[in-house]
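Data block below; observations after.
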Amino acid sequence: MLDLLGTLERTHTCGELRAADAGKEVVLLGWVNRRRDHGNLIFLDLRDRTGIAQVVLDKDLGAEAHLKAEQARPEYVIAAIGKVRLRGKDVINPKMPTGEVEIVASEIRLLNDSKVPPFSPAEDAIGNEEVRLKYRYLDLRRPEMQHNFAVRHKVALAVRQYLSSQGFYEIETPFMTRSTPEGARDYLVPSRVHAGEFYALPQSPQLFKQILMISGFDRYFQIARCFRDEDLRADRQPEFTQIDLEMTFPQQQTVFRVVEGFLAAAFAAVGIKLPTPFPQITYDEAMRQFGIDKPDLRLPGLTDVKFAFAANDLETLAISPGLPIVAVRIPKVGELSRKERDDNRPLFDSRKGAKLIDDLKRLEKSFPDAVNKIREVTGAQSDDLVVLVAGDATAQLRMSDTKSAGRLSEREIAVYSAAGNFRVELARKYAVRHGAFAVTEQVVGSPERDAGQVDGSAAFRPIWVTDFPMFELDEETGRWMPSHHPFTSPHEEDMDRLVSDPASVRARYYDLAMNGLELGSGSIRIHQKAVQQEIFRALGMSDEEAKSRFGFFLEALEYGTPPHGGIALGLDRLVMILAGASSLREVIAFPKTAKAIDLMVDAPTPVSDMQLRELHIRTALKS
RNA sequence: GGGGACGUAGCUCAGUUGGUUAGAGCGCUGCCCUGUCACGGCAGAGGUCGCGGGUUCGAGCCCCGUCGUCCCCGCCA
């Protein structure tokens, strides 16, 4: 028989009781985490969001309460009414925050029972994502998940407070909008009223926020849901949340200061000091130093070692003399065995003409001076792993090697990124040995975070990457594509090369990377209609096409559009970093599987013919 | 669209060269137990080996197909 709550009210949460509360009459409400039944003495661990408290039932002190406790099972919802008591010295549990006290219950009410759960929220070790996602409410009861969402809440709140203090208005934009067939695939919403027509869910509020600037709101932000119908990854969900902001009259640095401000506030909210300002690097420099546009600064970058070789060395080694030679150094990994090197070979991408030299010992036999210089210039300690990446002189490639004004050529980028990606792979594989990632885990898991400010300067390494190329060549179509989106402003002094040398045009586009993850990207936008039209043309879009897709926006640009710019940061990814999680699913309450299915509500589903008829839709499925 | 890993009790997993009645730990049920906190002790229940087909005297194990979960490539302006 279940009991009624009646007029009972909670006096304390389970996690808050301390020695100072001894003697208080309390009412605790929560879930039975565990029951330890000693016969005439029963211990119930009562759990709520705040923690766990031990409730004691002594048959001699109350047979009725004891009987209720005997009936209680894991995940029953109960009320424990009684008195807080200091535990005896020998039965204090130092592992629990509430371990110095216990509640001697005079009454237990069983408010609800529970089937035996498919897995226990009380257990630390949890597997099988399928079961976790199906019974998501049980999974979310686990303290770890509760913690992740506490972090998420605190971060979102800190961001709102900071941005509000800087004059930003939070303004919502529509979920049902128009499809703009660039970029990712849209999720579509059929219109009942307009047969055969569809709304699209926004991939981002991009054009709306620009129009809010045209509308004179000066500074806008939104914690905005975005939708992209593309295949999933551990760090990609079909719907995700961005901290989206836009402001009028910004310099790039203005945007940076705002973002640094709210990130520092967000980190502070979870007890971590994040130093500002963040370092900045241009895209070209990032490629040269890290071989990737989202550098992980927790490990050393690439080192240019071309100087160490003479021209005929390169010939002997079949290395392209015109391409860079860089060293990848991973500290403390030690010398690799033949087998380890063979195992690592598939992690190296040689498809675009990059060549890996991973046996420095062997190289040293023929080129002792070169290897010496390399060890010196990379600052390699004796237990550091060093490998070389260069251009393969024997590679047959149909890739343009034309350099445009001062920028990296495609083949140079190919060598750098082969090295950069290999660096990331090695870093991931040998994380235990180099220990650079453990620093982050330590800070994330540090219990001192609640008390005060933990130094995050070594654990979290943000960096701004600036001056991306305006366009990228689409290898399939041979068309120039915008690196970011077509509303990004080119550098004013590069404008005259839009047609003559598009590859050399730099965009006022910037990324924020942290620990090798892309956290966000933004740009200073185009605010003059003529420039916007020119960009559309450079992208191979006819004026008619531009008008039919973005006519409303081009028109808005005609009515006094102020210079403006902004950025969007992935809230889910940010929380993932701060929670020390390895998947977005750990920080999204109701995520979808890799096939974009919600296992709890079982979505998507077929709908009735009636519904389809109203929407003027017929499915093309073969039955 | 492609590649890889996994799928055996409610959960985590073992299962040898294809061979009799498929195991362990946790959980669950019952009984015992007054200081446990991953309580302990005794006894017990619990299996469509993801699903379908094939090979074989015989399949959890081999083959083909299929479904699901995860990771990656493509994709994600």
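Each chain gets a letter, A, B and so on, in the order its sequence line appears, and its residues count up from 1. Side chains are part of it too, since the values below use all heavy atoms of this structure and drop only hydrogens, waters and symmetry mates. Values in this document were obtained by computation on a predicted structure and should not be read as measured data.
B:C70 is paired with B:G4 under the criterion used here, namely a Watson-Crick or G-U wobble arrangement in which both key atom distances are under 3.5 Å. Nucleotide B:C75 forms no Watson-Crick or G-U wobble pair with any nucleotide shown, as no partner meets the under 3.5 Å limit on both distances.
A donor and an acceptor atom sit less than 3.5 Å apart, one in the side chain of A:Asp231 and one in the base of B:G74. A:Arg85 contributes a side-chain N or O that forms a donor-acceptor pair with the base of B:G35 under 3.5 Å. For A:Glu102 against B:G35, a side-chain-to-base donor-acceptor contact under 3.5 Å is present. Counting atom types as modelled, A:Arg585 pairs no side-chain N or O with a base atom of B:C70 as donor and acceptor under 3.5 Å.
At the heavy-atom level, A:Lys595 lies under 4.0 Å from the strands shown only through sugar-phosphate atoms. Within 4.0 Å of A:Phe119, counting heavy atoms only, lies no atom of the nucleic acid at all. A:Thr488 comes within contact range of no nucleotide atom at all, as no heavy-atom separation falls under 4.0 Å. Within the nucleic acid shown, A:Gln54 comes within 4.0 Å of at least one base atom, counting heavy atoms only.
Of all the residues in residues 28-42 of chain A, A:Arg34, A:Arg36, A:Asp37, A:His38, A:Gly39, A:Asn40, A:Leu41 reach under 4.0 Å from RNA chain B with at least one non-hydrogen atom. Of the residues in residues 65-76 of chain A, those with a non-hydrogen atom less than 4.0 angstrom from any atom of RNA chain B are A:Arg73, A:Pro74.
Paired with A:Arg525 under the rule side chain to side chain donor-acceptor pair (under 3.5 Å), one option of A:Gln532, A:Gln210, A:Glu246 passes, and it is A:Glu246.
Side-chain nitrogen and oxygen atoms of A:Ser120 include none within less than 4.0 Å of the OP1 or OP2 phosphate oxygen of B:G27.
Nucleotides B:U16 and B:C28 place their C1' atoms 31 Å apart, quoted to the nearest Å.
For A:Arg18, the CZ atom counts as densely surrounded, since its 6.0 Å shell holds more than 12 non-hydrogen atoms of other residues, nucleotides or ligands.
Evaluation of the salt bridge (Lys or Arg N to Asp or Glu O under 4.0 Å) rule for A:Arg585 yields A:Glu129 as partners, not counting sequence neighbours.
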